[in-house]
Amino acid sequence: MDNEIKTPVKNFIRNIIDDDLNTGKHTNIVTRFPPEPNGYLHIGHAKSICLNFGLARSYSGKCHLRFDDTNPVKEDTEYVESIMEDVRWLGWDWGDNLFYASDYFEQLYEYAEILIRDGKAFVCDLNMEELRQYRGTLTVPGKNSPYRDRSVEENLDLFRRMRAGEFPDGSKSLRAKIDMASPNLNMRDPVIYRIKKTDHHRTGDSWQIYPMYDYTHCISDALEGITHSICTLEFEDHRPLYDWFLDQLPVPCHPRQIEFARLNLSYTVMSKRLLLELVKNNYVNGWDDPRMPTIAGMRRRGFTPEAIREFADRIGVAKANSMVDFELLNFCVREDLNKKALRRMAVMDPIKLTIRNYPEGKIEELDAENNPEDPSAGNRRITFSRNLFIEREDFMEQPVKGWFRLAPGTEVRLKHAYYVTCEELTKDAEGNVTELICSYDPASRGGWSQDGRKVKGTIHWVCAETAVNLETRLYDQLFTIPDLGDIEEGKSYLDYLNPDSLVVNTKALGESSLANTEPGTHFQFLRLGYFLADKEYSPEKPVFNRVTTLRDSWAKQKNKQ
RNA sequence: UGGGAUGUCGUCUAAUGGUAGGACAGCGGACUCUGGAUCCGUACGUGAGGGUUCAAAUCCUUCCAUCCCAGCCA
């Protein structure tokens, strides 16, 4: 990735940064990726990660990884581990800049006392229900809390006792004193500390109170010297509060919050809640199910970091809500794997092909290139014999117009091998074709013909004597409709789960080398698609995940008819 | 019916008052031992109306549509 010399596409954030650099507001930039460790990262996070780390790299700045761990009831170290793994896998490096909001708890607490001393925060005894009543609604202003005018001394005393654990959960909160009549609900005396007698995954039982996001995030940014604090659109309404806290407190700097539109991808969901539900209720097989849009799932499916980064670059960054076509992701992974994946032959739905004029018992070896896009990938030897299997789809008894694969009486090339002509076929009682009897042209060895005759069709095959059985897992979209945000009244996203999102095919056959590779290796199965040896792969049970199919202009042509 | 935002090819995204451009998808063709890859060509767009200007996607104005906000979640 370091030798990419692409000029970055302009976007409104880069424009802001360029301005800040030109005007001298900043001489270098610092961004951050601030996940809450309460779930696995998904492709939407990848957009944000690539944006923040990408900006830092592009401007020779820094990007911090900061865990926004202010809510111990939802967070867990399992998630911090997986997040770090995913960010690293995507190819980014935070260096020494690993932070936790929980590292700032003491500082945050001291700042809260300053707010109290300045009369800008108070301890409120309203419970959650009362608080809701007092907050008002979108159209009617809120009412001041009856506890709003407590003295500084009383507030300080109460707040310290909150910290000491003297009060039960939910009985009191610390609130900022701003404006209950503000049309922006976030400014209606927002809660900044709540009591939670819950152990924190990093601070253990040392805190009984935990700061809220709005209060924590801006201060964390300021303490770390973040210059551009990039977040998603739903925080736009929070920006006045972000700025308010920083304006009240003696913080080292005042970062600028910039909001961009989160990623929506067709045929999938991106909400942590929904993804968690899919996992918990076993609609998928865990966070790394290859159908999941999680980084872990995409990694297991066989998407590459390079493809995901390319995707993130291509979708751009803007403020308008949008839905990106999944095909772009497929394009990116094909583009990457086309250069890198070794070619192999495998047959998903085998049909027997016998070459009647090929000597019985003879097995010969032929040369096959590993990757036509990359000569350095070298060649391999593959075996050929009288008994082969080809793809059932590659034969048509009554060929349609434009068909140039195998049919009775027609000649095709077996990739890397010989020309064969179909002369006869056998059928079972139901009339299904069970075997194709062919003849071959011994002079066409290697797939060439000296007389220069044209053979339009080339098909893949495997040698019956040496082929190995494969389990292939053929993945398709998890959902049947592109926009899960737009579903029929009374229906749930679960009603749109694609029953065919996973088809396990155990009858596939592949060339023998496929039983001798490592989990995590990518291949292109000729004419079929890109596959990854799954983590469950073993030589005894070779399991391959289909990452994506190849482009198929024949299928397209067929669909038009 | 409060507040905040956003509307550019089918989709994503540039154009910072001066030729509406790129990518994906589509279509057509060339080439090909993968109907793959590659190459070439092509169609398609400024939400609507008014105004300012020599000139408007861009500025003003009125409307329309969509998204977000009433957690002691982030």
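Each chain gets a letter, A, B and so on, in the order its sequence line appears, and its residues count up from 1. The figures here come from the full heavy-atom set of this structure, side chains too, leaving out hydrogens, waters and symmetry mates.
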What is the distance from [atom1] of [X] to [atom2] of [N], rounded to the nearest Å?
{"X": "A:Y242", "N": "B:C69", "atom1": "OH", "atom2": "P", "value": "21 Å"}
{"X": "A:L406", "N": "B:G35", "atom1": "CG", "atom2": "P", "value": "13 Å"}
{"X": "A:K456", "N": "B:G36", "atom1": "NZ", "atom2": "P", "value": "10 Å"}
{"X": "A:R314", "N": "B:A23", "atom1": "CZ", "atom2": "P", "value": "9 Å"}
{"X": "A:Q257", "N": "B:A74", "atom1": "CD", "atom2": "P", "value": "15 Å"}

Pair [X] + [Y]: ring centers closer than 6.0 Å:
{"X": "A:Y193", "Y": "A:Y215", "result": "yes"}
{"X": "A:F531", "Y": "A:F523", "result": "no"}
{"X": "A:Y440", "Y": "A:Y418", "result": "yes"}
{"X": "A:Y213", "Y": "A:H217", "result": "yes"}

Minimum-distance nucleotide to [X] side chain [options: [options]]:
{"X": "A:S322", "options": "B:C12, B:A74, B:C24", "result": "B:C12"}
{"X": "A:P183", "options": "B:G3, B:C73, B:G35", "result": "B:G3"}
{"X": "A:T458", "options": "B:G2, B:U34, B:C67", "result": "B:U34"}
{"X": "A:L328", "options": "B:G7, B:A37, B:C24", "result": "B:C24"}
{"X": "A:L185", "options": "B:U34, B:G2, B:C72", "result": "B:G2"}
{"X": "A:R551", "options": "B:C72, B:U34, B:G36", "result": "B:G36"}
{"X": "A:I315", "options": "B:G35, B:C12, B:A23", "result": "B:C12"}
{"X": "A:E234", "options": "B:A70, B:C68, B:G35", "result": "B:C68"}
{"X": "A:K556", "options": "B:G26, B:A14, B:C73", "result": "B:G26"}
{"X": "A:D237", "options": "B:G35, B:G3, B:C72", "result": "B:G3"}

Remember a base hit wins even if backbone is also touched, and classify [X] as base, sugar-phosphate or nothing at under 4.0 Å, heavy atoms.
{"X": "A:I209", "value": "nothing"}
{"X": "A:R239", "value": "nothing"}
{"X": "A:G402", "value": "base"}
{"X": "A:H238", "value": "base"}
{"X": "A:Y210", "value": "nothing"}
{"X": "A:R343", "value": "base"}

Measuring only the [atom1] atom in each nucleotide, how far is [N] from [M]? A whole number of Å is fine.
{"N": "B:A56", "M": "B:U19", "atom1": "P", "value": "11 Å"}
{"N": "B:G49", "M": "B:A37", "atom1": "P", "value": "42 Å"}
{"N": "B:A5", "M": "B:C59", "atom1": "P", "value": "15 Å"}
{"N": "B:G2", "M": "B:A15", "atom1": "P", "value": "33 Å"}
{"N": "B:G51", "M": "B:C40", "atom1": "C1'", "value": "46 Å"}
{"N": "B:C67", "M": "B:C31", "atom1": "C1'", "value": "47 Å"}

Does the cation-pi check pass for A:K196 over A:Y210, that is, NZ or CZ under 6.0 Å from the six-membered ring centre and within 45° of its axis?
->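 Not flagged: A:K196 not positioned over aromatic ring of A:Y210.
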Kindly confirm or rule out a cation-pi arrangement of A:R32 over A:F99, judged by NZ or CZ under 6.0 Å from the six-membered ring centre and within 45° of its axis?
->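 The answer is no; the distance or angle limit is not met.
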Can a side chain N or O of [X] be found less than 4.0 Å away from OP1 or OP2 on [N]?
{"X": "A:S553", "N": "B:G36", "result": "yes"}
{"X": "A:T137", "N": "B:G2", "result": "no"}
{"X": "A:K196", "N": "B:C73", "result": "yes"}
{"X": "A:R194", "N": "B:A74", "result": "yes"}
{"X": "A:R135", "N": "B:G71", "result": "yes"}
{"X": "A:R132", "N": "B:C72", "result": "no"}

Nucleotide opposite B:G7 in a Watson-Crick or G-U pair, distances under 3.5 Å =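 The answer is B:C64, by the H-bond criterion.
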Searching all strands shown, indicate the nucleotide that pairs with B:U34 (Watson-Crick or G-U wobble; both distances under 3.5 Å).
->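 No nucleotide pairs with B:U34.
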Determine if A:W554 stacks with B:G35; use a centre-to-centre distance below 5.5 Å and an interplanar angle below 30° as the criteria.
->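 Stacking is present between B:G35 and A:W554, given that their ring centres fall under 5.5 Å apart and the planes under 30°.
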Which of these, A:E511, A:E365, A:E369, sits in a salt bridge (charged side-chain N to carboxylate O under 4.0 Å, His left out) with A:R381?
->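 So, applying the salt bridge (charged side-chain N to carboxylate O under 4.0 Å, His left out) to A:R381 and each of A:E511, A:E365, A:E369, only A:E365 qualifies.
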5'-most contact on RNA chain B: A:D552 or A:N71, nearest heavy atom basis?
->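 It is A:D552, whose closest nucleotide lies nearer the 5' terminus.
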Ionic contact status for A:R527 with A:D394, cut-off 4.0 Å =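 Between A:R527 and A:D394 there is a salt bridge, with a charged N closer than 4.0 Å to a carboxylate O.
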